[in-house]
Number of protein chains: 2
Amino acid sequence: MGASVLTHPAVEELQLAKVMDALADPVRLAIARALAAEGEIACGTLDLGVAAATRSHHFRVLREAGVICQRPEGTTRINSLRRDDLEARFPGLLDKVLEAAAARAAA
Amino acid sequence: MGASVLTHPAVEELQLAKVMDALADPVRLAIARALAAEGEIACGTLDLGVAAATRSHHFRVLREAGVICQRPEGTTRINSLRRDDLEARFPGLLDKVLEAAAARAAA
């Protein structure tokens with residue numbers, strides 16, 4: 001994985017429809033919630049109950065939409081939420097999505 | 001169109017991922033914004049710049065996700081946002097999405 005270039009959209013390139021689509025999936029919502037709670041997480045350490053290839057796909061969708069930042073570290077990738085960028089572009093949105101996801105997970 | 005049964009999920013059946021997916025599209029965001037601004041709108045009266053079949057598809061996706069209510073009236077359908085239901089289930093979410101969509105549209 002380390003050789004590929006990890007592209008990230010600039011903050012001014014973030015698109016609402018793409019961000020919404022990235023977060024329109026239970027696994028990706030779970031990733032976003034985990035990152036919100038824990039800050040940085042290596043790709044392999046989250047138990048999402050899906051195959052490694054599926055997990056990589058979900059992380060990539062989140063990165064390409066601008067929801068998360070991925071940086072290579074050794075043989076893995078470290079992921080974090082782009083909270084400030086999302087807040088600058090879509091004020092309040094991420095928090096409401098995370099709150100809704102948390103309420104659903106607790107129900 | 002009048003003969004088909006228009007199914008709507010109950011408020012307790014609303015799913016975050018489905019609502020997010022329904023709103024993860026520029027045309028459907030435009031429909032939601034128009035309904036938020038105008039209350040009720042007949043299907044044919046919104047100029048969305050897409051074919052009639054595409055328009056019907058987008059309204060159906062919104063209805064099946066629980067974002068809008070559609071009721072038949074003569075040969076058309078009258079659409080409205082399910083604001084209270086969405087607010088009860090995902091507090092604050094719809095407003096933040098609509099604000100973000102409005103900001104994008106104005107940019």
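All chains are named by letter (A, B, ...) in the order of the sequence lines, taking the proteins before the strands, and each is independently numbered beginning at 1.
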Enquirer: List the residues meeting side chain to side chain contact (heavy atoms under 4.5 Å, CB included) with A:Ala17, not counting sequence neighbours, and say none if there are none.
Expert: B:Pro26
Enquirer: If hydrophobic clusters are built from ILVMFWY residues whose side chains come within less than 4.5 Å, do B:Leu48 and B:Val67 share one?
Expert: yes
Enquirer: Of all heavy-atom pairs between B:Pro91 and A:Lys96, which one has the smallest distance, and what is that distance?
Expert: O-CD, 3.4 Å
Enquirer: With A:Met20, which of B:Leu23, B:Leu29, B:Asp21 fulfils side chain to side chain contact (heavy atoms under 4.5 Å, CB included)?
Expert: B:Leu23
Enquirer: Indicate, with yes or no, if B:Phe59 and B:Val19 share a hydrophobic cluster defined by side-chain heavy-atom contacts under 4.5 Å among Ile, Leu, Val, Met, Phe, Trp and Tyr.
Expert: yes
Enquirer: My understanding is that only residues two or more places apart in sequence, or in another chain, count here; which of them pass side-chain hydrogen bond (donor to acceptor under 3.5 Å, both in side chains) with B:Lys18?
Expert: none
Enquirer: Against chain A, label B:Leu93 side chain, backbone, both or neither, depending on which of its atoms sit under 4.5 Å from a heavy atom there.
Expert: both
Enquirer: Taking all heavy atoms of B:Leu16 and all of A:Val97, pick out the closest pair and write down the distance.
Expert: CD2-O, 3.9 Å
